Student: 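Provided herewith is a single structure, encoded as structure tokens, for subsequent inquiry.
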There are 2 protein chains.
Amino acid sequence: MPTPDRTSLEQIIGAAREILESDGLAGLTMQAVAERVGVRAPSLYKRVRSRDALIGLVAEATILDLGERVNAINSSPDPRKDLAALARVFRAFAHERPTGYRLIFGWSAETARPERGSFASSVGPLLRITTELVGPDDALSAARTFTAWANGFLSMELAGAFQLGGSVEDAFEYGIARLADAFTRP
Amino acid sequence: MPTPDRTSLEQIIGAAREILESDGLAGLTMQAVAERVGVRAPSLYKRVRSRDALIGLVAEATILDLGERVNAINSSPDPRKDLAALARVFRAFAHERPTGYRLIFGWSAETARPERGSFASSVGPLLRITTELVGPDDALSAARTFTAWANGFLSMELAGAFQLGGSVEDAFEYGIARLADAFTRP
DNA sequence: ACCTGAACACCGTTCAAGT
DNA sequence: ACCTGAACACCGTTCAAGT
């Protein structure tokens, strides 16, 4: 006789995301997730292959959230402004959900890598902007330069790696301005 | 009656570094280190406070290695060339010791953060270069822009995050050139 | 069909007992 | 003074037994 479901994959992922933000990746144990959704740890394996797989699902859900924000930017006639807006959306997201951001962009190789294509909804807008700025031939390299910078900057900021004083805010805006300049062909 | 030492802190750190590169951070267990240096796991605690502390020591040793390479760059009259050389030294190091590089620059917050000041020997040369390029007022922001970019780029490259085709090598050189341009005041 | 307790293999870490 | 076995608390994961 089948018993009614006591939880769901969605609920499990939701619980995992909450634990991740409050207790960090190390606190994201199967027991903690199980307790939060009201079952015992072994039951989770009916819906999730492993802890790593669950972390992967959390990462993917977080990427989708970020993609929504990116696509909510309404593009202006000035691609330099769009580039700045994109950078600031990333930064706001990183500040709001630091652990989730690190999970996605930490590239730690310890956690499951998100599916190829998960980032598509964020990459599209960026490539459109860089194509406008530097033309199709350099658009991909420019996008990579921008992503690497934003990504590296926010990872360092979240880790408290900027220890030499000065305004981190200013350094971020400085980076936006310099990159926009660099991408503006003379 | 004292027994002769059967290992040393240096040997322990050395073993940990080897294991890190061959088996990754997850493979770096106290038991694995102990086996490699020829003692039992509990003995390690005579020389190291915890696994996290050991990881911190490994990180610091790796940072010192990188600092040596950076200081081995003989500066040219053209700061743009120095900036390019610095970027390539970082990249070569990242390729040679990917796990060590990720440990230092992963900023994962899960691993112990290296001591404030460990990076001093790498930061000094960079600040000298950016000061020459953009002047003292913007030198720190420029250094942060460069570090964030290099850091982010190499983390992504090591993680295999550049999945849209094209030459990653070209994208790196493109980034160097654009940043050097951006730092060259018109 | 889902859930559970019990069990397994593996961690990091502590500590009393050896030499 | 260093080293060890034994033990503890905690993981992720498997599986037979329940409903």
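The sequence lines fix the lettering, A, B, ..., with proteins before strands; numbering per chain opens at 1. Small disclaimer: the values here were computed from a predicted structure and weren't measured.
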Student: Would you call B:Asp5-B:Arg47 a salt bridge at under 4.0 Å N-O?
Tutor: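 Yes, charged N to carboxylate O under 4.0 Å.
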Student: Does C:dC8 have a Watson-Crick or wobble partner in any strand here, with both distances under 3.5 angstrom, and which is it?
Tutor: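 Its partner is D:dG12.
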Student: Strictly below 4.0 Å: does B:Arg40 bring a side-chain N or O up to OP1 or OP2 of D:dC2?
Tutor: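 No, because none of the side-chain N or O atoms of B:Arg40 sits under 4.0 Å from OP1 or OP2 of D:dC2.
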Student: Given C:dC2, is OP1 or OP2 found less than 4.0 Å from the side-chain N or O atoms of A:Ser43?
Tutor: no
Student: Can B:Arg128 and B:Glu132 be counted as an ion pair, charged N to O under 4.0 angstrom?
Tutor: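 The answer is yes: the pair qualifies as a salt bridge.
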Student: In whole Å, what is the span from the CZ atom of B:Arg49 to the C1' atom of C:dG12?
Tutor: 14 Å
Student: Hey, is the side chain of A:Gln31 poking within less than 4.0 Å of OP1 or OP2 on D:dC11, counting only N and O atoms?
Tutor: yes
Student: Would one find a side-chain N or O of B:Arg6 under 4.0 angstrom from OP1 or OP2 of D:dC2?
Tutor: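 Checking D:dC2 against B:Arg6, no side-chain N or O comes under 4.0 Å of OP1 or OP2.
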Student: A:Glu35 has an atom CD; how far is it from atom C1' of D:dC11, in whole Å?
Tutor: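 Between C1' of D:dC11 and CD of A:Glu35: 15 Å.
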Student: Within the structure shown, what part of the strands sits under 4.0 Å from A:Ser8 by heavy-atom distance: base, sugar-phosphate, or nothing?
Tutor: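 Nothing, no nucleic acid heavy atom in range.
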Student: Is B:Arg88 salt-bridged to B:Glu173, going by a charged N under 4.0 Å from an acidic O?
Tutor: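 Here B:Arg88 pairs with B:Glu173 in a salt bridge, since their nearest N and O are under 4.0 Å apart.
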Student: Considering just the side-chain nitrogens and oxygens of A:Arg47, establish if one lies under 4.0 Å of OP1 or OP2 belonging to C:dC3.
Tutor: yes
Student: Using both distances under 3.5 Å as the test, list the Watson-Crick or G-U wobble partner of C:dC3, or none.
Tutor: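 Checking every strand shown, C:dC3 finds no partner, since no pair has both distances under 3.5 Å.
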Student: State, yes or no, whether a side-chain contact exists between A:Phe153 and A:Val168 at a heavy-atom distance under 4.5 Å.
Tutor: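 With C-beta onward as the side chain, the pair touches.
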Student: With the side chain of B:Val39 defined as its heavy atoms from C-beta on, choose the nearest nucleotide among C:dC3, C:dC15, D:dC3.
Tutor: D:dC3
